[in-house]
Structures are given as structure tokens and as C-alpha cells.
Amino acid sequence: MLKILSTILVLSSLAAFAKESPNIIIIYADDVGYGDLGCYGAEAIDTANLDRMAAGGLRFTSAYATASTCTPSRYSLLTGEYPFRNTKAQILPGNAPLIIDSAKPTIASVLKKKGYATGLVGKWHLGLGEATESLDWNKLISPGPKELGFEYSFHMAATGDRVPTVYIENGRIVNLDPNDPIEVSYIEQVGNDPTGLSHPELLKVQADEQHAKTIVDETSRIGYMTGGNNARWTDEEMPDEFLGKAVSFIEENHEKPFFLYYAMHENHVPRLPHPRFQGSTSLGVRGDAVAQLDWSVGEILNTLDELNITENTLVIFSSDNGPVLFDGYSDGAREMNGNHKAAGPWRGGKYTVWEGGTRMPFIAMWKGTIEPGLSGALISQVDILASLAALTSGKIPSGRASDSQNHIKALLGQSEEGRDHLVQQGINGMKAIRKGDWKYVPPGEVRNRIKIDVNVYDKIYEPGALFYLPEDPNERTDLSSRYPKIVDDMRVLLEAELTR
Ligand code: NG6
Ligand code: CA
């Protein structure tokens, strides 16, 4: 009897430990829109694995990235701060210095202090080293993920379409031959590698002028590089490279609590899916890339099942910004889109302050703890830091992560209550605010749609535009003249957030 009792005690304290220190995986997709997943209404892409995750977890309908581009959203996710608090949190070149002060807490550093093994695999795009242009890529690259709390890292510097097109593992370029050093510049050509401008005949996909610099793997990029030929990646193999590292990290650390930030490349440009996914959808490479992403997510979930840690692991899936069809490469995404609504019912997409720019697919799964269902709670990715700190009793020094609110109850489906309001950021300093069911877009030029041309702007006049989202998800009916008081309140609230 005593033995049974003590076994029960041990088991229940283990369970309590697991509830406080679950493994945590954040799967962060790139440029994947609200409407790209089957569980959010997509019909042209089979996302069976993400749908399985949603069926076993909580699917959010009002979850947001803080911005409709990458660097700012990632900045917020990791630091718990709106990106407009840091003027450097803008889409960065591939050789930008690290924009996060290492004294700031991040999800990784907070969890590391709680004994978590912490890892980053995939896209970084938050800068590396201390100075633009002069960084020596052939030495230990620092500061970077490690200084922000990631004990292990395997990542690209910025984006798939930016040099350097190499993987960096724990601060060192992988497979770098010291006799073939790497040099990178965003100002002028270095070395004499062919560029998209000089050698368009070498390209798999034609690109706009911005993407017509150094050619790597028959694809021209933004920026110039030379050397490092052994270290250059092959685009089509990237998903397997990242997945392999993510799975190894999980396998190696599954006996202690771990945190994995798995920042996937799909479906950012250049979209060059592995041959086994080419043609798997009717949407061309953009759809195929999402199918590939879904497959990788399935492999992560299978790994958890095989290691028998699914009930002990909180998995969050989301994306950094809304969708874009044409983003520099003539890859057919626009022409083959058909009726697919990548942003779901929302207006706009990447770069915009319309809902499609920042309202994200967001799924939280923790078998046995999160009850499967749907949540309309208003939450932002900026809240993940404070919420995870609350879950794990992690410490955030006072005055830090000041925009991050603890919504762990909403995240775990124990409450429908989320934020009161949140700020949405587009490019060129554009902002908007959502409060409750209302959305306010201040006067000015607002980038419009994703489909035709990235340079289509709408002009919003004084006193700004007001939308009632439950009846007007597509933000078409401006109600500002009918509800001047709401406009005033929201304008003041936005101003207060921006200057806080
Ligand atoms: C833009 C690029 C775009 C993409 C984006 C970053 C041009 C004309 N466009 O500047 O192709 O790379 O930056 O995307 O250069 S993000 O998802 O990482 O924010
Ligand atoms: Ca992105």
C-alpha cells in the first residue's frame, strides 16, 4: 500500500513538473497566410499535418504577428517588445549587425535560466555581429543567437533571397574551406561571381533588379558574395537540412525540458521546393512550398510521438507575416493562384496593415493539457514571452519585455479572454490598431493588395478609416463618420501605445 502511495506521489509530482516545464516548440513559418492551411479554409493545399495539429489542439482566429514583415515580427516574438520601440527592427540586409541588445530577455534566455535546453533552427534575420559590412564571416560570428540565449543554433543569416547563402552552426559557417574565404557586401560587387544582371541565362527563375545580384544555385539573390563555394546551400535541400537538425535537437534533449525555435523557410522566396513536392498542388511552387512545410511539421509531430513526449510538449505553430504572391522572382505564384485565398477572408497581405498582413494562422497543441477547440481570444505573438514565463515561473526583469502580456490561460484554452487591443505594423512606418471588434487605420498612404503589384497604395483621408471586423472582415466599409467617438478613442490609444 505504502509503495503504491509513494508511486502515485512520484508520478503526480512528475506530472506537476511536466505541467510547469513542458518542452516547448515554436514552429514559425515565413509568409504563410491565414488562408493557406486546410484548417483555416484552404482547399487547394493539403495540410493534413497542420490540420491534425489543429484537431488535437487549439486553433486561434484572432492571433497576430506584430508586423507584416519578418524582422519586426521576429523581434517581437523573441523579445516581447513591439518592433517600433527599436528603430533598427526593419527588414535587414544579410550582413546587418545583431539588433537585439543581449541584455534584453528573450524567450530563449528566460527558458534557459529555468534549465531548458534551447535551440534555434532555421531563419534568423535579426542581424549578426557588431558592424555592417565589416563582419568577418570566416571567424566566429558573434554576437548572435547564443548571446540571446540559444545554446544551439543552426540557421541562415537572413532570408533565402539574401546573401550569404550558407548555414551557420553555433556561430561558424558550415563546410567553410579556409582557402576559399567568404566575403559579403550589400554595397558593391565583391569577387567576380556572375550576377543575375550579368548572366540571366544562368538562372532557374528570373528575378527583379533587387534580386539580381550574386547567383548561387542558379538563383540570383539580394546582395553580393564571393568565396565559400563548399559552404553554399542548395535551396531544394534546405527543408531537409533544417528538419534534420530540428529532429536531432529534439532527440538529443528530450530527457530534459527543451525549447526549440524552428523557424522554417517556407514559403518565403525563392520558392524552390524539393522535387518530391514539386507539382503536389495546383498552385505552383507557392502551394508546393506550403505542402512541404506541412510535411516537415508532420515529421516533428511524429518525432514527439516516437519519443513518447507528445503529452509533455507544447507546440505552437504560427507565421511571421501575411502572404505575398510576387516577391521578386517570376516563379508563377501569381499566375497559378486561381481562387486560392492565401490571406483567408482578410484584406491585403505581407507589407500591409490590413488584417491579411498580421492576422496569422496560430495553433497551440499540448495533448492532455490543451483541450481541442477553437479560440477567438485576441492575442499577439508579442505575448508569448510573458505567457511562457508565467507557465514556467521564468523571470522577466522589471521594465523589460514591456509589450508582452501574460495570456497563458488563453493560450492553453482555459479562458477566451485575451488582449484589449493591439498595434499592427506595415512597412514604411504604417500602423493600425485593433481594439475589440474595431479596427482603425490612420490617415496616409496604405499599401493595398498582394495580388497584382506590391506598389498599389490607397489613400486614407482624415480622420482615418474605421472598420467593424465581425461584419466587414475585408475592411471595405469605412465607418469613421458614423462613429467619431470611437475614432477619437482609438487614435488616442494608438498614439499612447506608440509613445509609451
Ligand atoms: C523585401 C524584398 C522581398 C523580401 C522581403 C523580406 C525587394 C524588392 N523585396 O525587401 O523579396 O525579401 O524584403 O521578407 O527587395 S521578410 O519576410 O523576410 O520580411
Ligand atoms: Ca516573412
Side-chain angles (χ1 to χ4, degrees), residues 26-34 36 64-78 83 88-96 99 122-128 155-165 186 195-197 205-214 216 219-224 235 238 261-272 285-286 289-290 293 317-331 333-334 342-343 348-353 356-362 381 424-430 447 450 453-456:
I26 297 180
I27 305 176
Y28 208 45
D30 202 348
D31 299 5
V32 168
Y34 188 94
D36 278 326
Y64 288 78
T66 59
S68 56
T69 54
C70 167
T71 302
S73 292
R74 284 161 207 259
Y75 178 83
S76 294
L77 171 72
L78 293 183
K88 294 185 203 141
Q90 316 267 357
I91 300 175
L92 296 174
N95 64 350
I99 60 163
K123 177 172 177 176
W124 182 239
H125 210 187
L126 291 164
L128 294 165
H155 60 97
M156 56 169 125
T159 61
D161 58 345
R162 283 175 174 75
V163 300
T165 50
Y186 276 71
T195 67
L197 277 183
V205 195
Q206 295 302 313
D208 64 12
E209 202 188 327
Q210 186 69 13
H211 292 79
K213 308 298 172 353
T214 301
V216 176
T219 307
S220 53
R221 319 276 165 166
I222 306 176
Y224 299 98
D235 296 274
M238 184 181 285
Y261 173 42
Y262 180 34
M264 302 180 70
H265 178 244
E266 295 93 347
N267 60 20
H268 199 279
V269 296
R271 301 171 188 123
L272 297 160
V285 290
R286 189 176 180 281
V290 176
L293 165 129
F317 173 88
S318 199
S319 176
D320 68 339
N321 54 252
V324 60
L325 300 184
F326 178 82
D327 211 11
Y329 295 91
S330 303
D331 60 8
R334 202 167 34 184
K350 184 172 181 177
Y351 308 116
T352 77
V353 291
T358 55
R359 198 182 299 210
M360 293 293 104
F362 192 110
Q381 291 166 4
Q424 296 161 279
Q425 177 172 324
I427 54 158
N428 303 344
M430 290 182 288
R447 194 177 279 230
I450 54 167
D453 191 309
V454 284
N455 288 316
V456 178

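Numbering of ligands and ligand atoms starts at 1, following listing order.
- No part of Glu209 comes within 4.0 Å of ligand 1, judged by heavy-atom distances.
- Listed by atom number, the atoms of ligand 1 under 4.0 Å from Asp327 heavy atoms are 3 (C), 4 (C), 11 (O).
- When atom types are taken as modelled, the side chain of Arg271 and the backbone of Glu266 share no donor-acceptor pair closer than 3.5 angstrom.
- Protein heavy atom at the shortest distance from atom 17 (O) of ligand 1 is Lys350 NZ, 3.0 Å.
- In this structure a side-chain-to-backbone donor-acceptor pair under 3.5 Å is missing from Thr69 to Tyr351.
- Close approach of ligand 1 to Asn321 is summarised as follows: ligand atoms under 4.0 Å from at least one heavy atom of the residue are 17 (O).
- Contact check on Asp36 versus Arg286 returns a salt bridge, with a Lys/Arg side-chain nitrogen under 4.0 Å from an Asp/Glu carboxylate oxygen.
- Annotation: Thr159 places no N or O atom under 3.5 Å from an N or O atom of ligand 1; distance criterion only.
- Heavy-atom contacts of Thr69 reach the following atoms of ligand 1: 19 (O) (cutoff under 4.0 Å).
- Using a 4.5 Å heavy-atom threshold, the side chains of Asn267 and Asp30 count as separate.
- Residue contacts with ligand 1 leave out Gly328, since none of its heavy atoms falls under 4.0 Å from the ligand.
- Tyr329 contributes atom OH, which lies 5.5 Å from atom CZ of Arg221 (distance to the nearest 0.5 angstrom).
- For the atom pair OH of Tyr75 and NZ of Lys88, the computed distance is 9.0 Å after rounding to the nearest 0.5 Å.
- In this structure, Phe326 falls outside the shell of residues with a heavy atom less than 4.0 angstrom from ligand 1.
- Here the heavy atom of the protein found nearest to atom 9 (N) of ligand 1 is His211 CE1, 3.7 Å.
- At least one side-chain heavy atom of Ile27 sits under 4.5 Å from a side-chain heavy atom of Met264.
- With respect to atom 10 (O) of ligand 1, the closest heavy atom belonging to the protein is Arg162 NH2, 3.4 Å.
- For the pair Arg74/Tyr261, a side-chain contact is recorded, criterion being any heavy-atom separation below 4.5 Å from C-beta on.
- Inter-residue side-chain proximity for Thr165 and Thr214 is flagged as unmet; no heavy-atom pair is nearer than 4.5 Å.
- Under the 3.5 Å distance criterion, the side-chain polar atoms of Ser73 are matched with a main-chain donor or acceptor of Ala67.
- Backbone and side-chain nitrogen or oxygen atoms of Cys70 are examined, and one is located within less than 3.5 angstrom of a nitrogen or oxygen of ligand 1.
- Scanning all heavy atoms of the two residues, the minimum distance from Asp31 to Asn321 falls at OD1-ND2, 2.8 Å.
- Here is the list of ligand 1 atoms found below 4.0 Å of a heavy atom in His125: 18 (O).
- Close contacts of ligand 1 with Asp30, meaning ligand atoms under 4.0 Å from a residue heavy atom, involve 17 (O).
- Nearest protein heavy-atom neighbour of atom 15 (O) of ligand 1: Gln210 CG, 2.7 Å.
- Ranking protein heavy atoms by distance to atom 5 (C) of ligand 1, first place goes to Tyr351 OH, 3.4 Å.
- Within the protein, the N, O or S atoms sitting under 3.0 Å from the Ca ion (ligand 2) are Asp30 OD1, Asp31 OD1, Asp320 OD1, Asp320 OD2, Asn321 OD1.
- Contact annotation: for Tyr329 versus ligand 1, there are no heavy atoms closer than 4.0 Å.
- The shortest side-chain heavy-atom distance between Lys123 and Tyr28 does not fall under the 4.5 Å cut-off.
- In Asp161, the part holding a heavy atom less than 4.0 Å from any atom of ligand 1 is the side chain.
- Looking at Ser319, its side chain never comes within 3.5 Å of a backbone N or O of Gly33 through a donor-acceptor pair.
- Within the listing of ligand 1, atoms 15 (O) sit less than 4.0 angstrom from a heavy atom of Ile222.
- His125 NE2 to Asp320 CG: the interatomic distance, rounded to the nearest 0.5 Å, is 9.5 Å.
- Nearest heavy-atom pair, Ile427 versus Arg447, reported as atom, atom and distance to 0.1 Å: CD1-NH2, 3.0 Å.
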